[in-house]
Amino acid sequence: MLQTNYIIENQAEVIEKLKIKNFDASAIIPQIEEKNNLRKKLQGELDANLAEANQIAKSIGLLFKEGKIEEANEKKARSGELKSLSKSLAEQKANTETELQELIISLPNIPHPTVKPGKGEEENEILSEHGTIPDLGPNKLPHWELTKKYDLIDFELGVKITGAGFPVYKGKGAKLQRALISFFLDQAVDSGYLEVLPPLMVNEDSAYGTGQLPDKEGQMYHMQADNLYMIPTAEVPVTNIYRNVILKAADFPVKNVAYSACFRREAGSYGKEVRGLNRLHQFDKVEIVQVQHPDKSYETLEEMKAHVIGLLEKLGLPYRELRLCGGDVSFTSALTFDYEVYSTGQDRWLEVSSVSNFESFQANRLKLRFKDENGKSQFAHTLNGSALALPRIMAALIENNQTENGIKVPEVLQRYTGFDIIN
RNA sequence: GGAGAGGUGGGUGAGUGGCUGAAACCGCAUGUUUGCUAAACAUGUGUACGGGGAACCGUACCGGGGGUUCGAAUCCCCCUCUCUCCGCCA
């Protein structure tokens, strides 16, 4: 969430910038100022009340000690008044704070100046394209045919065991999956990331901390008996490592990489979007997360982009880089770059990574701070990116590398798979 | 799942109703001394909100929430987490 003082001091600017995200804040922001003023006023009154009550209590103590029982009893009356007054003030203050909080969390993050307006996906800017799309001739197959042909992934079996969107990887398919995970983790560790293996379920506080709650509640699987949520991405548990943490400036940059299974309900998805590996309820992903000093977070964003590009290059996949437009940048992000690989069997681009700078938007919710040079605590910046999401990489790899004799395994993966062809 | 014990500041740990935002020790920071390091000594060392140009002042916070009381870290209730024993178990 945005910082209250910033919103109030820069009202016109905030309204203007949020328009790029197609968000009209013109009605909300004056309300925020109003509620905030009310909050301050109530707190002032409450504090004065409590201060008086504290003083009275102290003097009563002294009077008792001196044996002046009557005087003490007289003072108790005033104390009682103050108490009921404080109670009502405290209630009003709590209500006001809740209302203020609701208003503030309804505002999305302010987009970076380079983010262009746009309605949605179709208006994202394609910044560059790399690699060559292989010409596979007329007999090329989409990955769902290939996985069947070579018995790599059994979608129907997953349906039997769990339901649609929970595939079963088998044999060389399972091995290739594991190879990709290891490859991605090793690459990140080589780039200075600390590997973490986080819990796959999180509590309510964590889901709130990264912004899944309250807005995206329907997107997560919820374990009602224990009030836990299956993670939609490792970002949730990993970023929550830093919830309520005050770092030292010397701790920057904090770099974590995590492999995890991810669970998404994907209510409302249908058709070719969900065919095969394109969209699953459970999938694997390697996620990179950084916490950085506000002055350096955009340098870090570049570093993370370069890391993702490095992976795509090493895998030899044709890819393109997009800067998301205002309509497609997520609620919490200031600037996001997407990476798509070309899935030759389907003749379409598939998103495999999304790299974002959240600036202090997540940190504010998380209360993730650091001590600056002056000993003041301020919010850190958080960033994350997929490096990479497995299923679509798997889809593109097996489609693009299909030959008459089988599917060729990229060289960088062979030391992990132990085989160089699937046939 | 059953029984018991316990959650105090960065750490250890005192504190059973007022003088406790909290002893002491450790750590950390700054300063003095010392040729350097170390040691010793001195001072300082939580977070949030509000007020003030600032020094500073007020309020809240001793796992979380509620209650008793003029007054709660301290008493009562609920929740939660940790530890020990038993049960079950990868």
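Labels below follow one simple rule: chain letters A, B, ... track the order of the sequence lines, proteins then strands, and each chain is numbered from 1. This structure is a prediction, so every number in the text was calculated from the model and none was measured.
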| request: Could you tell me if the ring centre of A/Tyr229 sits under 6.0 Å from that of A/Tyr221? | output: no

| said: Would you measure the distance from the P atom in B/rC78 across to the matching atom in B/rG27 and give it in whole Å? | reply: 43 Å

| When you look at A/Phe361 and A/His381, which way does the ring pair (Phe, Tyr, Trp, His ring centres under 6.0 Å) test go after all the steps? | CA-CA 8 Å; A/Phe361 194 83; A/His381 280 193; over 10 Å; no

| request: Sticking with atom C1', work out how far B/rC36 lies from B/rA73, rounded to a whole angstrom. | output: 47 Å

| query | What is the nucleic acid contact for A/Lys376, judged by heavy atoms within less than 4.0 Å: base, sugar-phosphate only, or nothing? | reply | nothing

| field | A/Thr98-A/Asn95 side chain donor-acceptor pair, cut-off 3.5 Å | value | no

| request: Please state how far atom CG in A/Asn244 lies from atom P in B/rG63, giving the value in whole angstrom units. | output: 16 Å

| field | Counterpart base for B/rU68, defined by Watson-Crick or G-U wobble contacts under 3.5 Å | value | none

| query | Given A/Arg39 and A/Glu99, is the salt bridge (charged side-chain N to carboxylate O under 4.0 Å, His left out) satisfied, shown in steps? | reply | CA-CA 10 Å; A/Arg39 191 198 104 242; A/Glu99 289 161 15; over 6 Å; no

| note | For B/rC88, the nucleotide meeting Watson-Crick or G-U wobble distances (both under 3.5 Å) is none

| task | Name the pairing partner of B/rA5, where a pair is Watson-Crick or G-U wobble with both distances under 3.5 Å, or state none. | result | B/rU82

| message | Work out how far the P atom of B/rG65 is from that of B/rG58, and round it to whole angstrom. | response | 24 Å

| said: Please report the distance separating the C1' of B/rU34 from the corresponding atom of B/rC26, rounded so that it comes out in whole Å. | reply: 24 Å

| said: Less than 4.0 angstrom between a side-chain N/O of A/Lys68 and OP1 or OP2 of B/rC70, yes or no? | reply: no

| Nearest-angstrom distance, C1' atom, B/rA14 to B/rU74 | 13 Å

| query | Taking the nucleotide of RNA chain B with the closest heavy atom to each, which residue, A/Ala53 or A/Leu50, is nearer the 5' end? | reply | A/Leu50

| request: Between protein and nucleotides 49-58 of chain B, map the contacts as a letter string: B base, S sugar-phosphate only, - none, heavy atoms under 4.0 Å, written 5' to 3'. | output: BSS------B

| task | For B/rU74, give its Watson-Crick or G-U wobble partner with both distances under 3.5 Å, or none. | result | none

| message | Both distances below 3.5 Å, Watson-Crick or wobble geometry, any strand: find the nucleotide opposite B/rG44. | response | B/rC28

| field | Salt bridge present between A/Lys148 and A/Glu145 (N-O < 4.0 angstrom) | value | no

| message | Between A/Lys19 and A/Glu16, is there a side-chain heavy-atom distance shorter than 4.5 Å? | response | yes

| C1' atom, B/rC81 versus B/rU45: distance in rounded Å? | 29 Å

| note | Across every strand shown, the nucleotide meeting Watson-Crick or G-U wobble geometry with B/rC36 (both distances under 3.5 Å) is none

| note | In whole angstroms, the gap separating C1' of B/rC79 from CG of A/Asn227 amounts to 13 Å

| request: Would you mind reading off the distance between A/Glu204 atom CD and B/rC81 atom P, rounded to a whole angstrom? | output: 13 Å

| request: Scan every strand shown for a Watson-Crick or G-U wobble partner of B/rC62, both distances under 3.5 Å, and answer none if you come up empty. | output: none

| query | For the pair made of CD in A/Gln55 and P in B/rU59, what is the distance, rounded to whole Å? | reply | 8 Å

| request: Specify the separation, in whole Å, of atom CG of A/Asp226 and atom P of B/rC79. | output: 16 Å

| remark: Contacts of A/Asn405 meeting side-chain hydrogen bond (donor to acceptor under 3.5 Å, both in side chains) (sequence neighbours excluded), chain-then-number -> none

| field | Distance, rounded to the nearest Å, where A/Arg369 contributes CZ and B/rG10 contributes P | value | 12 Å

| task | Would you mind classifying the nucleic acid contact of A/Ser377 as base, sugar-phosphate or nothing, using non-hydrogen atoms under 4.0 angstrom? | result | sugar-phosphate

| request: Go ahead and name the base partner of B/rA54; Watson-Crick or wobble counts if both distances stay under 3.5 Å, otherwise write none. | output: none

| field | Whether A/His112 and A/Tyr298 hold their rings parallel, tilted or perpendicular, with breakpoints at 30° and 60° | value | tilted

| request: Sticking with atom P, work out how far B/rC61 lies from B/rA72, rounded to a whole angstrom. | output: 9 Å

Is there any protein nitrogen or oxygen under 3.5 Å from a nitrogen or oxygen in nucleotides 18-23 of chain B, and what are the pairs?
residue, atom, partner, partner atom, Å
B/rG18, N2, A/Ala57, O, 2.6
B/rC19, N4, A/Lys65, NZ, 3.3

| message | Work out how far the C1' atom of B/rG63 is from that of B/rC57, and round it to whole angstrom. | response | 30 Å

| Backbone of A/Ser356 reached by a side-chain donor or acceptor of A/Thr336 within 3.5 Å | no

| Hey, what's the ring geometry for A/Tyr339 with A/Tyr319, parallel, tilted or perpendicular (30° and 60° as the breaks)? | tilted

| Is there a side-chain contact between A/Ser86 and A/Leu46 (heavy atoms, below 4.5 Å)? | yes

| query | Between A/Phe263 and A/His281, is a ring pair (Phe, Tyr, Trp, His ring centres under 6.0 Å) present by the stated rule, with each step listed? | reply | CA-CA 5 Å; A/Phe263 304 87; A/His281 287 304; over 10 Å; no

| For the pair made of CD1 in A/Ile246 and C1' in B/rG46, what is the distance, rounded to whole Å? | 8 Å

| note | A/Glu70 CD to B/rC70 C1', in whole Å, measures 16 Å

